Amino acid sequence: MTSAISISAGAVQSALSRLRPLAFAAAFKLQDMIVEWILRANASRPGSFQDKIRKYDELMAAGRFVEPLAFANRSALSGAFWELYRALTPFRNKIIHKNSFCVTGSTLTIATGGQNSNLSDAEQGSYIRAMCLIADALVSDAKIEGVAAYIVENDLCILHAVHKVAGLTARTFRVVSIAGTLLGRLNANGCVEGDVDFDAIRQSAEAAFPPGANGILLFDLALTITGANRDVKWLFPSTTAPAGNVVIAENAPEFEAYRD
């Protein structure tokens, strides 16, 4: 048995308390950039936060608002995104310019006009993660679908008290890490490659780690392909693992970002 005392625990907690408001402000800035991208795609270039909200309302009222591909056929998700922006806008400047906030435990409290916004640890994490995943879909000009869609919807469900938009569904997540090794081969370029059935991997993972009724299993996959007496490794986060039967090759551009 061993015991330990951290002489830096107080410093870590103090740093986290200082970083929470900065993390919130960074996530809001990311959402503000997304709002601006979408409005520019709708031929509008409003300046202030309030101008952006006003222009969105005008476009919606006129029936001329065009959704980005990321929000295609996801009206509740889109509505929650915009109402979250509307609800959080008054509090943004209170962190950046007024220093009108406090951190109690893991709760971030921001004050403005006699009102407080109290964001729990889970709400702060959900806001940051949802904005990152939405931005990733917009940058990729892709729909929010698959695992990413479940995560974003769950995150926005957690933030329901802030945006108050109905129609989102929360699902239970189980998160695990999986490692797999595959015997591969050398291709014509002398690179190690292998045939990977990601659907079979998912089915095996769900059998081994059942997520429960209406639940979702999220897993990151550490994949090793062995060939010509050497190993090549990839690490796929839970939101990025491909589907179906895929040939993964060493130095292939589409998989190079996941090389471990």
Side-chain angles (χ1 to χ4, degrees), residues 26-27 30 33-34 37 67-74 77 81 125-156 169-260:
L30 181 55
M33 291 174 65
I34 294 170
W37 294 341
E67 296 277 17
L69 184 60
F71 292 156
N73 302 318
R74 294 189 176 276
L77 192 152
F81 171 86
S126 292
Y127 181 50
I128 294 167
R129 182 169 50 236
M131 292 308 110
C132 288
L133 289 174
I134 290 171
D136 185 60
L138 284 168
V139 169
S140 302
D141 193 25
K143 294 181 180 179
I144 301 175
E145 54 189 359
V147 172
Y150 294 133
I151 294 174
V152 171
E153 188 157 350
N154 260 37
D155 283 337
L156 293 178
T169 302
R171 304 180 71 169
T172 302
F173 284 85
R174 185 172 184 181
V175 183
V176 299
S177 294
I178 296 175
T181 301
L182 174 71
L183 182 61
R185 58 187 178 269
L186 289 182
N187 61 22
N189 297 319
C191 296
V192 174
E193 69 176 21
D195 303 302
V196 184
D197 188 341
F198 283 97
D199 290 343
I201 292 174
R202 173 168 292 280
Q203 291 166 9
S204 297
E206 290 174 344
F209 306 100
N214 198 40
I216 299 294
L217 178 68
L218 297 181
F219 61 89
D220 54 74
L221 173 64
L223 178 66
T224 301
I225 298 182
T226 300
N229 297 317
R230 59 192 178 94
D231 297 338
V232 184
K233 299 179 180 180
W234 292 262
L235 179 60
F236 293 97
S238 58
T239 57
T240 58
N245 289 289
V246 179
V247 177
I248 293 185
E250 180 184 12
N251 297 328
E254 62 270 36
F255 302 117
E256 195 61 21
Y258 308 114
R259 281 277 297 277
D260 187 10

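Counting begins at 1 with the first residue of the sequence. All values derive from a computational prediction rather than experimental measurement.
Annotation: the span from Glu67 atom CD to Asn73 atom CG amounts to 9.5 Å, rounded to 0.5 Å. If you take OG1 on Thr172 and CD1 on Ile216, they are separated by 9.5 Å, rounding to the nearest 0.5 Å. Taking CG from Leu156 and CZ from Phe81, the interatomic distance works out to 9.5 Å, rounded to the nearest 0.5 Å. Rounding to the nearest 0.5 angstrom, the gap separating the CD1 atom in Ile34 from the CZ atom in Phe71 is 7.0 Å. The distance from atom CG of Asn251 to atom CZ of Arg259, rounded to the nearest 0.5 Å, is 5.5 Å. For the atom pair CG (Asp197) and CG (Asn245), the distance works out to 4.0 Å, reported to the nearest 0.5 Å.
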For this session: Applying side chain to side chain contact (heavy atoms under 4.5 Å, CB included), run through Leu186 and Val192 and close with a yes or a no.
Result: CA-CA 5 Å; Leu186 289 182; Val192 174; 3.9 Å; yes
*Could you walk me through whether Ile144 and Leu133 pass the side chain to side chain contact (heavy atoms under 4.5 Å, CB included) check?*
CA-CA 8 Å; Ile144 301 175; Leu133 289 174; over 6 Å; no
Review point. Could you go step by step and tell me if Phe198 and Ile248 meet the side chain to side chain contact (heavy atoms under 4.5 Å, CB included) rule?
Key: CA-CA 11 Å; Phe198 283 97; Ile248 293 185; 3.5 Å; yes
*asked:* Walk me through whether Ile151 and Leu218 qualify under side chain to side chain contact (heavy atoms under 4.5 Å, CB included).
replied: CA-CA 9 Å; Ile151 294 174; Leu218 297 181; 3.9 Å; yes
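Nearest heavy atoms, Ala149 versus Arg74: CB-NH2, 3.5 Å. Across Ala70 and Leu138, no two heavy atoms sit closer than the pair CB-CD2, 4.0 Å. Taking every heavy atom of both residues into account, Ser238 and Val147 meet most closely at O-CG1, 3.7 Å. In plain terms, the two heavy atoms of Asp155 and Ser126 that are nearest each other are OD1-OG, 3.1 Å. Scanning both residues, Pro237 and Asp220, for their nearest heavy atoms gives CA-CB, 4.1 Å. The nearest pair of heavy atoms linking Gly194 to Ile225 is N-CD1, 3.8 Å.
Within the 3.5 Å criterion, the main-chain N or O of Cys191 finds no donor-acceptor partner in the side chain of Glu250. No side-chain donor-acceptor contact under 3.5 Å links Arg202 to the backbone of Phe219.
Scanning for side-chain hydrogen bond (donor to acceptor under 3.5 Å, both in side chains) contacts around Asp195 gives Arg185, with sequence neighbours left out.
Between Phe236 and Phe255, the ring-plane angle classifies as perpendicular under the 30° and 60° cut-offs.
Arg174 forms no cation-pi arrangement with Phe209, by the criterion of a distance under 6.0 Å to the ring centre and an angle within 45° of the ring axis.
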